[in-house]
Amino acid sequence: ARLSRSGRQVARETARLGAISAAMPAASAVTLAHRLPILAGVSSASALWQAAELWRMTLEKPVAFWQGWLALGPLPWQLWSIWAAALAPGRRQPALALRLTEAGLGAMRRSVGPGHARAVGNARRLARRAKPRTRRSQP
């Protein structure tokens, strides 16, 4: 029962990582499509908004990198506890392999998460800004 529960956790973690990996390229493409006119100097947006967007896109990459790096902090402790548990007599190897796989997948998801959140957030924000705003007509 415990082995099948660990297998489900690994499958769930794999699905989460796959969803993040699939969403990032699409969000990056949307963001790039909105930012290229700014970089090319042909954007019709105000100069103040363009400057703010340039600062945002310059500063968000290092911040996302360090957030991802810090998310990996608990990984050595997780691996150490799994290793220590593996030394206990009577431990089955499939359970150990599943726990190590789950810890690795979780670490990858947590390290990619901040970059994913920024890419998706930028795509949503820029797509919302690009939609034409219409006023409701008075009856």
Side-chain angles (χ1 to χ4, degrees):
R2 185 173 183 185
L3 194 59
S4 65
R5 184 180 50 151
S6 294
R8 284 192 304 269
Q9 288 172 340
V10 167
R12 194 172 21 253
E13 200 64 49
T14 302
R16 287 179 188 150
L17 186 61
I20 287 173
S21 299
M24 278 186 72
S28 298
V30 169
T31 303
L32 190 61
H34 287 286
R35 287 181 173 169
L36 275 178
I38 296 170
L39 296 173
V42 295
S43 175
S44 62
S46 71
L48 184 63
W49 183 85
Q50 289 181 33
E53 192 64 27
L54 287 172
W55 274 103
R56 183 180 294 119
M57 67 187 212
T58 303
L59 296 175
E60 70 188 0
K61 276 100 179 143
V63 170
F65 171 80
W66 284 110
Q67 285 175 334
W69 184 259
L70 291 173
L72 291 176
L75 182 63
W77 299 109
Q78 285 178 331
L79 295 178
W80 184 85
S81 70
I82 293 169
W83 177 75
L87 294 179
R91 288 296 289 183
R92 295 181 13 207
Q93 294 304 320
L96 175 64
L98 281 174
R99 287 185 65 197
L100 285 171
T101 304
E102 183 182 357
L105 287 171
M108 287 183 353
R109 182 183 51 80
R110 286 189 307 271
S111 67
V112 174
H116 169 261
R118 293 207 184 260
V120 170
N122 283 336
R124 285 182 182 152
R125 180 180 51 79
L126 291 169
R128 220 179 16 246
R129 188 179 192 290
K131 287 183 182 175
R133 298 173 195 221
T134 60
R135 289 187 167 197
R136 288 183 158 174
S137 61
Q138 297 294 330

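Heavy atoms only: backbone and side chains are in, while hydrogens, waters and symmetry mates are out.
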- Approximate separation, where rounding is to 0.5 Å, of His34 NE2 and Arg128 CZ: 11.0 Å

- Item | side-chain hydrogen bond (donor to acceptor under 3.5 Å, both in side chains) partners of Glu60, counting only residues at least two apart | Arg35, Asn122

- Query: By side-chain contact (heavy atoms from CB on, under 4.5 Å), which residues pair with Ala71, not counting sequence neighbours?
  - Reply: Arg110

- Look at Arg129 together with Glu53 and state whether they make a salt bridge at an N to O cut-off of under 4.0 Å. no

- Task: Flag yes if Leu54 and Leu126 sit in one hydrophobic cluster, no otherwise; membership is Ile, Leu, Val, Met, Phe, Trp, Tyr, and two members link when side-chain heavy atoms are under 4.5 Å apart.
- Result: yes

Anything under 3.5 Å between a donor and an acceptor, one on a side chain of residues 21-33, the other on a protein residue two or more places apart or in another chain? List them.
from  : atom 1 : to     : atom 2 : distance (Å)
Ser21 : OG     : Leu17  : O      : 2.9
Ser28 : OG     : Met24  : O      : 2.8
Thr31 : OG1    : Ala27  : O      : 2.9
Thr31 : OG1    : Ala123 : N      : 3.3

- Task: Return the minimal non-hydrogen interatomic distance between Ser43 and Gln50, and the atom names on each side.
- Result: O-NE2, 3.4 Å

- Counterpart residues, salt bridge (Lys or Arg N to Asp or Glu O under 4.0 Å), relative to Arg124 (two or more places apart): none

- Message: Once side-chain hydrogen bond (donor to acceptor under 3.5 Å, both in side chains) is applied, do any residues pair with Glu13, and if so which ones, sequence neighbours excluded?
- Response: Arg16, Arg109

- Item | Residue list, side-chain contact (heavy atoms from CB on, under 4.5 Å) with Ser46, at least two apart or on another chain | Leu48, Trp49

- Item | Shared hydrophobic cluster for Met57 and Phe65 (ILVMFWY, side-chain gaps under 4.5 Å) | no

